[in-house]
Every structure is written in structure tokens, then in C-alpha cells.
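Fair warning: this is a prediction, and the values are worked out from it, not measured in the lab. Letters A, B, ... are given to chains in the order of the sequence lines, protein chains preceding strands, and every chain is numbered from 1.
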Protein chains: 4
Amino acid sequence: MLNDAKKARAGRTREVEDPSAQAPKRTKLTRAQKKEQIRAALFAAAAKVVGEHGYSNAQVAMITAQASVAQGTFYNYFESQQDLLDQLLPTVGQAMLAFIKEASSDAASEVEREEKSFRAFFEFLKINPDFYRILYEAEVFAPEAYQKHNEAVARGYVRVLERAMNRGELRISDKRELEAVAQMLMGARHYLCMRFGRRGRGGISLPEWVVDAYMTVVKGGIYR
Amino acid sequence: MLNDAKKARAGRTREVEDPSAQAPKRTKLTRAQKKEQIRAALFAAAAKVVGEHGYSNAQVAMITAQASVAQGTFYNYFESQQDLLDQLLPTVGQAMLAFIKEASSDAASEVEREEKSFRAFFEFLKINPDFYRILYEAEVFAPEAYQKHNEAVARGYVRVLERAMNRGELRISDKRELEAVAQMLMGARHYLCMRFGRRGRGGISLPEWVVDAYMTVVKGGIYR
Amino acid sequence: MLNDAKKARAGRTREVEDPSAQAPKRTKLTRAQKKEQIRAALFAAAAKVVGEHGYSNAQVAMITAQASVAQGTFYNYFESQQDLLDQLLPTVGQAMLAFIKEASSDAASEVEREEKSFRAFFEFLKINPDFYRILYEAEVFAPEAYQKHNEAVARGYVRVLERAMNRGELRISDKRELEAVAQMLMGARHYLCMRFGRRGRGGISLPEWVVDAYMTVVKGGIYR
Amino acid sequence: MLNDAKKARAGRTREVEDPSAQAPKRTKLTRAQKKEQIRAALFAAAAKVVGEHGYSNAQVAMITAQASVAQGTFYNYFESQQDLLDQLLPTVGQAMLAFIKEASSDAASEVEREEKSFRAFFEFLKINPDFYRILYEAEVFAPEAYQKHNEAVARGYVRVLERAMNRGELRISDKRELEAVAQMLMGARHYLCMRFGRRGRGGISLPEWVVDAYMTVVKGGIYR
DNA sequence: AATGAATGAGACTTCATTCAT
DNA sequence: CATGAATGAAGTCTCATTCAT
């Protein structure tokens, strides 16, 4: 979804330039479909612009230019600039969570799941390099969305940890501490990403020894 | 252009003087003292404004109003708004590092030092609630300063960890991994602070069980 | 006077740095002399600054920096910035007129005097490259002074032309036309200077054929 | 403020569009036409403001007020204030050249052409009294445009003079001197205009004896 | 008098939002 | 609805002048 800007635009253009096309499947789009396409294009454009220039430089003019629509059109889809920015992380964040879930679904143990999730996070970032700024600048520019996202991710961690704790696999036994551990893992991932996972756009593969360090701490610090 | 003028003036400035060597009581401050006072007031005002409203709303007008000086005065002390913002974290960051160093200097072991440092960080935040935003929004608004600060903090961690590793106290043995561990600790602290350390201005005492969770992971995950 | 900035500054510095100097002649200057020195330094500085950056960029700060005095000092000598700018052309303009008069005083005929004056103007500009802007930008930035200067120069021309006319040496006979001719000569000189007389600072020698063209027109167009 | 602007604009628009016209096609202007109108209004406003107050006082606010548009609108048409100022002389200068060409096209000889051109210049100034400052202050405020304009005008003179020289009608025979002569004519015209052609706004008719003086010099000084 | 920092009015420019077509 | 130009509030920075030392 993050990199669909071009496709979306291309799609629209094609339609316009050749109204008599006999394309069997893509006949004229309905109104609703067109609207949905534009909305999607605006999201994709916003993602790209925020990813490249940050929230603070994500001007409406830039987003609409990127989406190949007029500036005024923006306000047919969003109440305000902030409205779109508030929706950006939820939209893209869901995709990330789904991606990670999918990638870690076949784990044999909680520890393995953690490693797979960890790797998947960086895999996702490699595919969607815009996500880093969309996620981490949201604390400043879309705080509500950020907090929700954070809580959702934390809940995921806590659920897993809880299961492990109930099986007696954890070094901690205080239920309250589970969320603290979750936050620590999230923070650790954030900083490793910041430091080792972002060499320019297009990303870079995370060094294997970073994964080693992370898993060493996870295995020894959290699990027995 | 402006710079030429400034340089010329700076060159002429005789900053030495102090002919009134022993005037200890003097109600009136010397010019240099006044200047220093205003500079400090601007920094303090900026810290407060950034802490309360964030970098993105730290307008020059707000800062100067807070410091009770005219807007133009600002530019006698800083090249530009960004110039001040760039200096803010270094200035306050130093104070934090000094505070933590002082608080953890009497630790008997590396692990104890880590706990004392961890607690001191939150102590510092309680005293300087503005610091949270000054530090963490800097990634967006003063990236260079942020990176420097981050590296300085990381270096501190690495130094400690290295010592421990050389004594065979660590679970990892790859020197490269030390920095990864440092980043993880920093990230963990950041997120714990975000989640548990900031209930409104004035801060809140960190729950003891958060410290427990943190130290459990540190002890089991990093140290043998 | 135009190039005394350095000297003036050196003078002050020397005095300051070695109050016990036994220099036999330059003992302490009187108050009045000091004032006169500063005023001269400000004029010289203004000339240099205007010559290099134009009136519109001749900020008080630049002028005082160039003169090595404090900004506030400026207002002990001039009512306002405009006040100095208004006095600049009269001051330097007098020097130019004197220079030209001196250079053309030994002419055997009016035509020869004109050639000598013409050459002397460019000679003066070579020595004082700042003069071009001081003079010609004054039309915009010190219009009153400009007009006065212009009239003074025109009067000089008219006086000469009148003499020639009375001797029947001119092609025109209407007294009113004398001033028109004077203005034409001034305009011609201005434009030749603009086009041929100013290659960078330091000036350039006027090509001889430009003088030829000028004198051809003067000889054939004005004199019989 | 918004209201004022709107009303003002509405007023202008209505007036311009001529509701009583039988406009066969369309009462309302197309968008492109409106844009062109605003651009023209901005140029006209700039010309008036510069003519009255000079480049140095031609603030964006003044220009837009004069054009009855909002300040922000300015930047839909020009990159910056300087951008407009740079375009002003080329725009108006072309009009002047066309005017003069038209007025002197039916001349029987080069000398006559020169007289007609000379008169036409002042005619143009009478119609466009703003042109004087637009042209002559450009040396300071839009130097590039000024130089281009100057060169264009000089080329025109040189072309005419060259023709005459080839026919042996000139007193000079050195091709290089042609441009010098052109500059002299331009300077002469400038100064005559400054001294005799601008009594307040609305201009004044140039005294006939000024034309006589000019033509006497041209005929005797340049042509045989 | 000299100093040089403080002042604040004022200029330019940006950009989210509105609105007429 | 889409369009894209118009709007004007708001923010940054400059610089002549003032003023306390």
C-alpha cells in the first residue's frame, strides 16, 4: 500500500486516455471505485511524502501533487491536513502488524516467534522504507494515533509473554511487569532500527550480529 | 554580510576587563553578566516552551516572551531559530549526563551502576520535565544534535559494558554487539519513560516494579 | 579621503595599544582632533561600504564596523543614517571637482580643457573606484544632494561654454541651450563610464578610442 | 480585511466584464483570462508603485493592494519580489522600444529618424510617467535587466549608425567607436530627460530648444 | 563621549483552507 | 466532484535607532 502511488495514478491515466478501451475487465469504474482510488492515492502519496520529507514537511500541495489530484480535491476526502496525518499510521500500521503476524505464524516456540517477528519488522521496513518516519514521527505529529498503535503492539507482546509466563517460562512473575517488558522490547527494536537498520532509502539488511545481540538479551533476560 | 559585521565587532570586544575585581556586592551586573543572564534566560525559556509545546511550536515570539526580552534580542544571541534549537539538546543533555554520572559514581558494580543510572535518569526527568520532549523530539527537529547526543550516551554504555566484558561478566563476547546492547538499553529506557514516567507535567515517580522489570532483563539478558 | 579607512583604524589602534608611547609628534590628540578623526573614519567607511555594496546595503552596522567604532557612536556624529548618506556625495563630490579643476587648469583652449577634464574624471575614478556608486546611486538614495551636485557640475560646464559662446566658438547661439549641452556632456560621460570605465574594482584605463569618439562629438557637435 | 479585499476585487471584476455587453459567447471570463488579468494588474500595479515610490519602496503589500489582490496571490505569479522587479523593465521596456520604432518608422533619413526617436521617447514618458524610475533605478535594483535593456537600445543605435557610416555619412570611421557614440546618445537623452522632461507626474512637454540643442550636437558631432 | 546590547516595527514568504468555475 | 487559484494569518528575520553603563 505504501508504494502504490504510481500504480494508482497510472490506472487513472490509462482510463482517461482511452475511453473506448475494450479491456474486458477494467471497464469504466463506478463512482465509488473512483473515489476509493483517489483516497488510496492520497494515502499512498502521503505515505511517500511523509517517509521522504517527514510529517512537518508533508504539505497538502506536495501530497496532492504526488497523488496527481488538485489541491482542493484533498478536502473532499479529509477534513483537514491533520485528519489525513492522523489516519496514516493506523492504515499503514495495520499492514505492518499483518505482515509480522503472517511471518511469525509458524513459529514453534515463543522465543522463535520473537525472532521471526523481529526479523519481519526489518523485512517490512526494507519493503516500506517510508514506514520508519511514519511510525516514529507520529509520536510528535499524530500522538493519538501513535499511542493507539503503541498500545496495540504492546498488547500483542503482552499476550505472547503472558502465555509464556503462565507456562512458567519467564524470569518475571509479576503480571504488571509484562507491559514493561513489552515496552522495553519495542524500544530496543526502535533504537536498533534507528542505528542499524536505515542506511539511506531502500534500507539495508540488518547485520546478523545485531539479531544475535537482540536474541541473546531476549533469551537470557526475559525467558528462563 | 551580517557575519562580517559581527566578526568585526567580536574582534574588538574586550571580554577580559573586570576592573572591579572585588566588588562582590554590586547590585548592578556587569554587561557581560547581563548578557550571560539573557542567554541563559533564552535557553531556559526555550526549554520550557519546547517542553510544553514541542519544537514545532517553539516560535521565536513565544521564547522571547517567556524570557521577557524583545524578539530582536533573540538574534543577538542566535543566528536563527534553528540555531537555538540545535543548541538546546547539547546544553541540557550535558546537564543530564553530569547528573547521572554524579548519581551513579559510587556504585560498587556495573550492575549497580546501571540501576543507579536508570533511576537517576527518571529523577532528572522529574526535576526537568521538559527534558523528555527536548530529547526525543530532537530526532526530528535537531537531528544532528540528537545523533551526537545519542552517540555520546551510547559511548558511555559501551565503555561500561566493555569493562564488564573484559572481566568476562557479559553473556555476549562479540565486541560489535556491545553497541547493539547499548542501543537496546537506551531504547528500553526511552519507552519505559514514555509509558510509565510521564503522567502530566511534574512527572511521577516511576513504579518500583518497572525498575524491577528493567533490572531483571539487564541482569539476566546482559550480565551472566 | 576615500581610502583612509585603514589608516584611520590603524591610528586609533596604535594609540590604544600603547598609551605610553613617546612618539615625539603624535602625543595625545585633543578632544576635537579625536572627534574629527572619528568623523573622517565614518565618512571613509561609508564611502567604502557604499562603493562596494551600494547605498541600499550600507547598513549602519557595516559602516561602524568598517570604521572600528561602536554602532551607538554613529549617532553622536550624524542625526540618522540618511543624514550621513546625504553628506557623502557633497563631501566626495568636492574632492572630485577639485581634482578635475587642478588637472585641467593649464589647458590652452576650451576644447583642450574639456578633454583634460574628461580624462581627469576617469583618472579620479581609477583612484577612487567607490565614487561611481556614490555618485550615480545618489539620484535614488540622496536625491537632494545629487541634484545639487549635478547643478554644480552643470554650472561649471555652462560657465566654460558661455565663455566660448561669447567668443563665437559655439555652434549654438541660444543661451538657454547651454545647460542642455552641459547635461548632454554629463550624461555622455556617465554612460561611457558605465560601459567602458568600470571593469571590476580598481578600475580600468579608458580605451583611447573612447576618448576619440567623445572628443570628435564635442569638437564637431558643440564647437565650430 | 478579507472582506475588503473581496469586495474590492468583486468591484473591479464586475466593472471590467461589462455586463451590458452582448457578449455573444460568455459573460464570465475564463480562468485563463482571469489569470492573465491578474498578472497584468500586478505588473501595472508594480509599474505605478515603482514609478511613484521607487523600487526600494515597492513592497509586495503595496503592489498587491494597488492590484486589489491578497498578498499571497502575488506568489502565485512571481517567485519572489525580486522576480517581479526583474521582469518589470523588460516588460515595459519592450513597449517603449515598440512605441519608438513605430514613431520613427517613416523617417526619410537617419538624422530625421534620430529626431523622431528622441521626441518619441519623451512622448512615451509623458504617457507613462512611471517609466523614468522603472528604467533608471533598474541599474541599482534590477541590474541584469538594466544591462540587457541598455544593450538592446545600444544595438539599435549602433545598427542605424553603422548604416550611416557605411554610406560615409559619419564623422567617425572606427567601428569600435560606434558603441561609444551610442552610449553618449543614451546618456545625453537620460540627462536631458532628468533635467527637462519630468516636472512632476504627468510630465511636461520638452522645450523645443532642448530638441534643437540635441539635434545640433547630433548633426554636427556625429553626422558630417 | 563611547560602547554595544535591546528594542520593535516592518518586510518577505509560506501554506492550510476556501471558493468560484 | 474535480479543479486550481485566491486568500490572509502567521512566522522568521533585519536593522535603524535608543539607552543604560
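- DNA chain E is contacted by both D:Q82 and C:F74; C:F74 maps to the nucleotide lying nearer its 5′ end (nearest heavy atom per residue).
- Among the heavy atoms of the strands, none lies under 4.0 Å from C:F78.
- Remark: C:F74 pairs with C:F78 by the ring-ring contact (aromatic ring centres under 6.0 Å, His included) rule, at least two apart or across chains.
- Mapping D:Y77 and C:E79 onto DNA chain F by nearest heavy atom places D:Y77 at the nucleotide closer to the 5' end.
- With sequence neighbours left out, the ring-ring contact (aromatic ring centres under 6.0 Å, His included) criterion links C:Y55 to C:F141.
- The nearest whole Å value for the distance from the CG atom in C:L84 to the P atom in F:dT17 is 11 Å.
- Here C:I134 contributes atom CD1 and C:T91 contributes atom OG1; the two are 9.5 Å apart, rounded to the nearest 0.5 Å.
- The side chain to side chain donor-acceptor pair (under 3.5 Å) test applied to B:E144 returns no partner, not counting sequence neighbours.
- Residues passing the side chain to side chain donor-acceptor pair (under 3.5 Å) test with B:Q87 are B:D83, sequence neighbours excluded.
- Atom CD1 of C:I38 is separated from atom CG of C:N76 by 8.5 Å, given to the nearest 0.5 angstrom.
- Distance, D:Q33 CD to F:dA5 C1': 15 Å, rounded to whole Å.
- Listed by chain and number, the residues in a side-chain contact (heavy atoms from CB on, under 4.5 Å) with B:R39 are B:E36, B:F43, B:Y77 (sequence neighbours excluded).
- Rounded to a whole Å, the CZ atom of C:F141 is 16 Å from the C1' atom of F:dA16.
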| note | Pairs under 3.5 Å (Watson-Crick or G-U), crossing ones as [ ], inter-strand ones as |: DNA chain E comes out as .||||||||||||||||||||

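- Two residues, D:R31 and C:K35, neighbour DNA chain E, and the one matched to the more 5' nucleotide by heavy-atom proximity is C:K35.
- In terms of the salt bridge (Lys or Arg N to Asp or Glu O under 4.0 Å) criterion, A:E139 has no residue partners (sequence neighbours excluded).
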Side-chain donor-acceptor contacts of residues 56-68 of chain B below 3.5 Å, not counting sequence neighbours, with atom names and distances?
residue : atom : partner : partner atom : Å
B:T64   : OG1  : B:V60   : O            : 2.9
B:T64   : OG1  : B:A61   : O            : 3.1

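- The CD-P distance, from B:Q37 to F:dT21, rounds to 13 Å in whole Å.
- A:N57 places its CG atom 12 Å from the C1' atom of E:dT14, with the value rounded to the nearest Å.
- The separation between D:L42 atom CG and F:dT7 atom C1' is 14 Å, rounded to whole Å.
- B:I38 has its CD1 atom 14 Å from the C1' atom of F:dT21, to the nearest Å.
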What are the atom names and distances for every N/O pair under 3.5 Å that joins the protein to nucleotides 8-12 of chain E?
residue : atom : partner : partner atom : Å
E:dG8   : N7   : B:G72   : N            : 3.2
E:dA11  : OP1  : D:Q59   : NE2          : 3.1
E:dC12  : OP1  : D:Q81   : OE1          : 3.2
E:dC12  : OP1  : D:Q81   : NE2          : 2.2
E:dC12  : OP2  : D:V60   : N            : 3.3

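- Rounded to an integer number of Å, the gap from B:D83 CG to F:dT12 P is 14 Å.
- An OP1 or OP2 oxygen of E:dA6 is reached within less than 4.0 angstrom by a side-chain nitrogen or oxygen of B:N76.
- Listed pair A:K34 / F:dA2 fails the phosphate criterion, with no side-chain N or O lying under 4.0 Å from OP1 or OP2.
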